[in-house]
A.B. asks: 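Quick one: structure below, then a few questions.
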Protein chains: 2
Amino acid sequence: MVKNYVVGIDVGGQTSKIGVVDAMGNVLAQSVIRSDVFGEDAGAFVKALAESVRECVVKSGKEGQIRGIGVGAPNGNYYTGVVAFAPNLAWAAKRAVNFSDMLSEELDGIPVILTNDANAAALGEMTYGAAKGMKNFIMITLGTGVGSGIVIDGKVLYGHDGFAGELGHTRIIRNNGRLCGCGRTGCLEAYCSAIGVARTAREWLDMSDEPSSLREVVNISSKDVYEAAKQGDQLALRVFEHTGKLLGEAFADFVAFSAPEAIVLFGGLARSKEFLYEPMMKAMNDNVLKIWKDKVSIVFSSLKESDAAILGASALAW
Amino acid sequence: MVKNYVVGIDVGGQTSKIGVVDAMGNVLAQSVIRSDVFGEDAGAFVKALAESVRECVVKSGKEGQIRGIGVGAPNGNYYTGVVAFAPNLAWAAKRAVNFSDMLSEELDGIPVILTNDANAAALGEMTYGAAKGMKNFIMITLGTGVGSGIVIDGKVLYGHDGFAGELGHTRIIRNNGRLCGCGRTGCLEAYCSAIGVARTAREWLDMSDEPSSLREVVNISSKDVYEAAKQGDQLALRVFEHTGKLLGEAFADFVAFSAPEAIVLFGGLARSKEFLYEPMMKAMNDNVLKIWKDKVSIVFSSLKESDAAILGASALAW
């Protein structure tokens with residue numbers, strides 16, 4: 001039987017999403033499982049995932065027609081098929097898991113290709129989304145953390161060891177920077193992720209007595225800051241302006257590296273587009289070499305968040 | 001007649017070097033012309049260069065057997081064949097020059113391929129030098145300025161517009177940084193070039209009364225700092241330590257981008273290896289993500305400086 005369909009899987013810390021996808025990028029069937037109920041038992045998670053893949057394929061009516069499975073997972077390595085030391089995945093936080101081999105084995109040897117989640121999102125945007133037709137762009141995922149997928153001449157950049165594109169862990173503040181989840185200080189992720197935005201708001205509230213509606217919020221999240229900004233809260237607006245400025249400065253350095261056509265933004269925090277876009281664009285153009293001034297665009301993902309990751313992962317499997 | 005030879009040209013601010021090269025990387029004949037005696041007259045420079053190429057080919061005895069010409073020049077664009085706004089080349093400082101077309105026309109239509117000087121050096125190291133066999137590395141040229149050539153999967157990275165790899169103009173100091181030749185502030189080049197090292201020494205001498213043999217030197221150059229360091233001058237030694245530290249910090253960010261196997265150093269300042277290597281290596285390893293700690297090497301060019309650029313440029317022409 002001709003195998004004209006693939007499965008895309010987006011592995012996340014809380015949930016993992018599975019989709020059966022055709023060659024046109026239509027998601028024929030979808031399912032979701034919890035990823036956070038298996039503790040450190042990688043085997044149990046992979047078994048549950050395989051079970052859900054089987055069910056999803058049955059639901060799509062394409063049994064026996066699946067060519068392969070593409071998976072996007074935090075710290076997933078394209079070369080080795082290993083998920084290693086991923087802080088947000090309990091079953092792979094402290095060790096390296098032979099994820100591709102394990103999943104393939106559970107599913108009668110069907111080929112499984114792995115990459116990290118930001119690379120999968122980049123593939124999704126390139127194949128079906130805002131980066132369609134682009135050969136050189138940088139995908140930045142602004143979520144709980146800051147991830148990146150770098151596309152050069154139409155191919156995802158993996159580098160010597162498969163780990164290329166950790167732009168969330170380049171330094172934006174070199175001295176006295178904030179502690180980052182990676183154990184280092186001053187990383188872009190520590191300032192420009194959803195968590196970073198909330199931290200900036202909390203710091204600024206602590207350091208001044210400026211009135212702000214955020215003072216009434218317990219345990220401020222980036223969403224609270226967004227809502228306050230929408231209501232015209234000055235401190236919240238400045239938090240986004242500052243975040244956008246830091247992003248733009250970082251992008252200027254990224255442009256000097258790979259001279260992309262565009263920076264493509266994706267993820268929960270990218271929804272604050274209305275507050276981030278202008279300061280980001282201005283800071284990038286103020287900080288690039290003249291040859292790139294007003295030449296590089298910043299675009300936002302045009303895919304539904306859940307689809308982008310599944311579609312991107314599925315693009316791997318073709 | 002079979003065309004089994006190529007010409008490599010290294011265009012520099014003061015001199016331009018020409019070599020006839022065989023497929024094994026042997027330089028069969030070489031010549032040099034001054035590049036700084038033509039003012040803004042690009043046509044006159046190209047004519048003189050063409051004349052010198054002809055003479056060099058005659059000297060090599062390979063008339064009629066030249067397959068093509070590869071040229072490395074500051075701000076040379078691989079896609080367009082244009083040299084544009086190169087501060088150190090008077091004839092192209094203020095405008096864009098159709099260099100490849102002009103040179104090809106002067107030489108009866110022989111194909112001319114252009115790239116920037118750092119990319120040419122990267123090609124030279126990959127084909128004949130310290131990066132032989134490497135598929136993913138970053139070449140950093142430490143000369144009057146700081147240039148870079150980035151190699152990904154065995155190919156030089158050009159990016160969307162042909163200008164990728166301006167790592168000398170990423171920011172190493174974000175606030176109150178030194179003015180750089182590009183008109184911006186805080187660029188790596190403003191600190192870690194030959195000129196940057198001399199500036200650091202002069203600044204430190206001005207800001208303290210620490211004894212140093214450099215106080216007797218008029219118009220301190222990086223070479224003076226090197227000589228003083230060799231004699232054990234403490235201030236000069238610290239200047240190199242500081243320069244190496246800044247380079248290592250910058251390298252850590254570069255590694256997060258393309259995950260190279262190695263950083264390859266080249267150029268006049270790279271000769272201060274004995275003083276730069278340790279602080280550079282330490283700062284890089286102190287600043288990379290854990291996955292790269294002690295995994296990325298820093299190596300020094302193994303080619304004679306003049307040969308590397310000619311060989312690299314010639315590699316373009318095959």
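Chain naming here is simple, since letters A, B, ... match the order of the sequence lines and numbering starts at 1 in each.
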A.B. asks: Is the closest side-chain heavy-atom distance between Glu125(A) and Ser302(A) below 4.5 Å?
C.D. replies: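 Glu125(A) reaches Ser302(A) side chain to side chain.
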A.B. asks: Name the region of Ile150(B), side chain, backbone, both or neither, that has any atom closer than 4.5 Å to a heavy atom of chain A.
C.D. replies: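 Just its side chain gets close to chain A.
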A.B. asks: Check whether Leu157(B) gets within reach of chain A through its side chain, its backbone, both or neither, counting any heavy atom under 4.5 Å.
C.D. replies: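 Leu157(B) touches chain A through side-chain heavy atoms alone.
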A.B. asks: Against chain A, label Arg171(B) side chain, backbone, both or neither, depending on which of its atoms sit under 4.5 Å from a heavy atom there.
C.D. replies: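 Both parts, backbone and side chain.
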A.B. asks: Answer with side chain, backbone, both or neither: which region of Asn287(A) has an atom nearer than 4.5 Å to a non-hydrogen atom of chain B?
C.D. replies: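 Both backbone and side chain.
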A.B. asks: So do Thr170(B) and Leu167(B) actually touch side chain to side chain, heavy atoms under 4.5 Å?
C.D. replies: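 Heavy-atom side-chain distance check passes, below 4.5 Å.
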A.B. asks: Donor-acceptor check, side chain of Thr127(B) to backbone of Ala315(B), threshold 3.5 angstrom: yes or no?
C.D. replies: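 Answer holds: no.
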A.B. asks: Could you check whether any side-chain N or O of Tyr191(B) sits under 3.5 Å from a backbone N or O of Gly177(B), counting only pairs where one atom can act as donor and the other as acceptor?
C.D. replies: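 No; judged by distance alone, with no hydrogens or angles, the pair does not exist.
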A.B. asks: Where does Leu289(A) contact chain B at under 4.5 Å (heavy atoms): side chain, backbone, both or neither?
C.D. replies: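 Contact with chain B is through both the backbone and side chain of Leu289(A).
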A.B. asks: Just give me the residue among Ile173(A), Ile152(A), Asp153(A) that pairs up with chain B most often, heavy atom to heavy atom, under 4.5 Å.
C.D. replies: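 Most pairs with chain B among the choices: Ile152(A).
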A.B. asks: Look at Gly186(B), Gly159(B), Cys182(B) and state which one has the largest set of heavy-atom pairs under 4.5 Å with chain A.
C.D. replies: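 Top count of heavy-atom pairs under 4.5 Å with chain A: Gly159(B).
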A.B. asks: Is a donor on one side and an acceptor on the other found under 3.5 Å between the side chain of Asn98(B) and the backbone of Asp101(B)?
C.D. replies: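 Side chain of Asn98(B) to backbone of Asp101(B): no pair is present.
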A.B. asks: Between His169(A), Met134(A), Arg174(A), which residue shows the highest count of heavy-atom pairs closer than 4.5 Å to chain B?
C.D. replies: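 Counting heavy-atom pairs under 4.5 Å, the top option is Arg174(A).
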A.B. asks: Taking side chain as everything from C-beta outward and backbone as N, CA, C, O, which of these in Asn75(B) sits under 4.5 Å from a heavy atom of chain A? Side chain, backbone, both or neither.
C.D. replies: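 When you check distances to chain A, no heavy atom of Asn75(B) falls under 4.5 Å.
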A.B. asks: Would you say Thr141(B)'s side chain and Gly267(B)'s backbone share a donor-acceptor pair under 3.5 angstrom?
C.D. replies: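 Such a contact is absent between Thr141(B) side chain and Gly267(B) backbone.
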A.B. asks: Check each atom of Phe137(B) against the heavy atoms of chain A and say whether the ones under 4.5 Å are side chain, backbone, both or neither.
C.D. replies: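 For Phe137(B), no heavy atom lies under 4.5 Å from chain A.
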A.B. asks: Between Ile138(B) and chain A, which part of the residue has a heavy atom less than 4.5 Å away: side chain, backbone, both or neither?
C.D. replies: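 Contact with chain A: side chain only.
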A.B. asks: At a 4.5 Å cut-off on heavy atoms, which part of Val255(B) comes close to chain A: side chain, backbone, both, or neither?
C.D. replies: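 Neither part; nothing is under 4.5 Å.
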A.B. asks: Would the distance check show the side chain of Asn285(B) and the main-chain N or O of Asp294(B) forming a donor-acceptor pair, the cut-off being under 3.5 Å?
C.D. replies: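 Judged by distance alone, yes, a pair lies under 3.5 Å.
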A.B. asks: Just by distance, do the side chain of Asp117(A) and the backbone of Val11(A) share a donor-acceptor pair under 3.5 Å?
C.D. replies: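 Checking the backbone N and O of Val11(A) against the side chain of Asp117(A), no donor-acceptor pair under 3.5 Å is found.
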A.B. asks: Can you say whether Val288(A) sits under 4.5 Å from chain B via the side chain, the backbone, both, or neither, judging by heavy atoms?
C.D. replies: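 Val288(A) touches chain B through backbone heavy atoms alone.
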A.B. asks: Heavy atoms only, distances under 4.5 angstrom: which of Lys155(A), Glu249(A), Lys135(A) has the most pairs with chain B? Name it, please.
C.D. replies: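 Ranked by contacts with chain B, first place is Glu249(A).
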A.B. asks: Once the angle between the rings of Tyr158(B) and Tyr78(B) is folded into 0 to 90°, is it parallel (under 30°), tilted (30 to 60°) or perpendicular (over 60°)?
C.D. replies: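 Correct class here is parallel.
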